[in-house]
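Quick note: numbers below take in every heavy atom, side chains included, and nothing from hydrogens, waters or symmetry partners.
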Amino acid sequence: MALNNHDDARLAQQETAVGAGIQILLLALLGTAAGLGPAGWVTGLAFAIATWALLSRALHRSRLRSFGPANRVTLGRTVLVGGVTALVADSFDSAPPVPLLVGLTAAALFLDCVDGKVARRTGTSTALGARFDMEVDAFLILVLSVYVSTSLGPWVLLIGGMRYAFVAAARVLPWMNTPLPPSMARKTVAALQGVCLLVAASGLLPLVAGLGVVLPALGLLVWSFGRDVLWLWRTERARTAAAAEAGAVRETPVTAPAAAPVAASVTAPAGEPVEAMLGAAQAV
């Protein structure tokens, strides 16, 4: 059994290497079709190597026996994101082939709707798969925001950088690491970012219209992150208050109640507490 587990883990590691190989093949195709320059090649290769290294490390730590069909879909999407990254990096030296950039991005966004469904239908949902999917989404949004910022302004970078700012803040403020409850609104806002940035990147809209698409997307993202941070802060306050109250209860000494003064003429019946007698007298 241990040998089979080792073989399965090695097979999962090999799939990440295959993904890196396909990434290099895509870069070669882009080099042929779009004349990918040195900046695109270097960035694309760095993306492929970093993805392979990080994913291999994550697989080793999680000890998954199988890579899984959903993760294969996400890995394919990662290859497309690597191609988009290479084209965006190359756009700083030469005009990018916008139709190719839009096509790769649209395919990556479409596959984002597929891997989750595959995971649920095959019963292969894992914490690693969810994190893998989220990181690929975040990086694609970051790359698209870099590209769109060259035409609409540096403020667009807030869209791509907000998630990474949240992660950085969580390293300083541990209370922000509390798991958030599922939210369809959060998922919808996150999906809209990619669509809006893709529309702006396509160049089909005038500059003002592109601004009218991306700016509301940023507003929704600020609202979504703000709502989550507020929920985390309130949850931490409630937890701190509950812990303080529990500590106060534990530290309060338990003492026997002082005996109430009783007149010498009052005699309690056998077996009846004096306090009960006084209570009855007061009630009367």
Side-chain angles (χ1 to χ4, degrees), residues 50-51 54-55 57-59 61-64 67-71 73-75 77-78 81 105 108-146 155-198 214-247:
T51 300
L54 292 174
L55 190 54
R57 182 171 178 266
L59 284 170
R61 294 179 63 181
S62 64
R63 298 181 179 179
L64 286 181
F67 195 61
N71 285 336
V73 175
T74 307
L75 184 60
R77 185 156 57 91
T78 305
V81 172
T105 303
L109 292 176
F110 173 76
L111 289 179
D112 187 28
C113 304
V114 175
D115 50 9
K117 293 180 179 180
V118 171
R120 289 187 293 270
R121 289 183 179 180
T122 59
T124 55
S125 299
T126 62
L128 173 61
R131 181 65 182 274
F132 184 25
D133 176 68
M134 181 176 61
E135 295 298 341
V136 174
D137 289 342
F139 193 79
L140 177 59
I141 297 302
L142 176 62
V143 171
L144 289 175
S145 65
V146 169
W155 61 269
V156 183
L157 296 174
L158 293 173
I159 295 178
M162 198 168 299
R163 191 256 172 183
Y164 294 98
F166 182 89
V167 172
R171 292 183 177 274
V172 180
L173 304 172
W175 55 268
M176 292 183 65
N177 288 310
T178 303
L180 289 164
S183 171
M184 183 57 66
R186 186 188 308 118
K187 294 180 179 179
T188 302
V189 170
L192 280 175
Q193 304 307 308
V195 175
C196 292
L197 288 172
L198 174 61
V214 178
L215 191 57
L218 175 60
L220 287 173
L221 192 63
V222 171
W223 168 80
S224 179
F225 272 98
R227 187 187 65 157
D228 287 343
V229 171
L230 182 60
W231 184 90
L232 291 169
W233 180 67
R234 287 176 174 174
T235 301
E236 177 63 17
R237 285 191 61 186
R239 184 187 297 113
T240 302
E245 184 178 353

Got a second to check how far [X]'s [atom1] is from [Y]'s [atom2], nearest 0.5 Å?
| X | Y | atom1 | atom2 | result |
| --- | --- | --- | --- | --- |
| Asp137 | Lys187 | CG | NZ | 11.5 Å |
| Arg163 | Gln193 | CZ | CD | 14.0 Å |
| Met162 | Leu142 | CE | CG | 12.5 Å |
| Arg186 | Thr188 | CZ | OG1 | 10.5 Å |
| Asp115 | Thr74 | CG | OG1 | 3.5 Å |
| Leu75 | Leu55 | CG | CG | 6.5 Å |

Identify the heavy atoms of [X] and [Y] that sit nearest to each other, and give their distance.
| X | Y | value |
| --- | --- | --- |
| Val118 | Ala70 | CG1-N, 3.7 Å |
| Leu109 | Val195 | CD1-N, 4.2 Å |
| Val229 | Trp175 | O-CZ3, 3.9 Å |
| Ser62 | Leu128 | OG-CD2, 3.6 Å |
| Tyr164 | Glu135 | OH-O, 4.4 Å |
| Phe132 | Asn71 | CE2-O, 3.9 Å |

Heavy-atom neighbours of Arg131 CZ exceed 12 at 6.0 Å: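 No, the 6.0 Å shell around CZ holds no more than 12 heavy atoms from other groups.
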Any residue meeting ring pair (Phe, Tyr, Trp, His ring centres under 6.0 Å) with Phe225, in chain and number order, not counting sequence neighbours: Phe166
Heavy-atom donor-acceptor pair, Glu236 side chain to Met176 backbone, under 3.5 Å: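 Absent.
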Ser224 side chain to Leu220 backbone, donor-acceptor under 3.5 Å: no
Could you tell me if the side chain of [Y] sits less than 4.5 Å from the side chain of [X], heavy atoms only?
| X | Y | answer |
| --- | --- | --- |
| Leu197 | Val156 | yes |
| Trp233 | Leu173 | no |
| Leu140 | Arg77 | no |

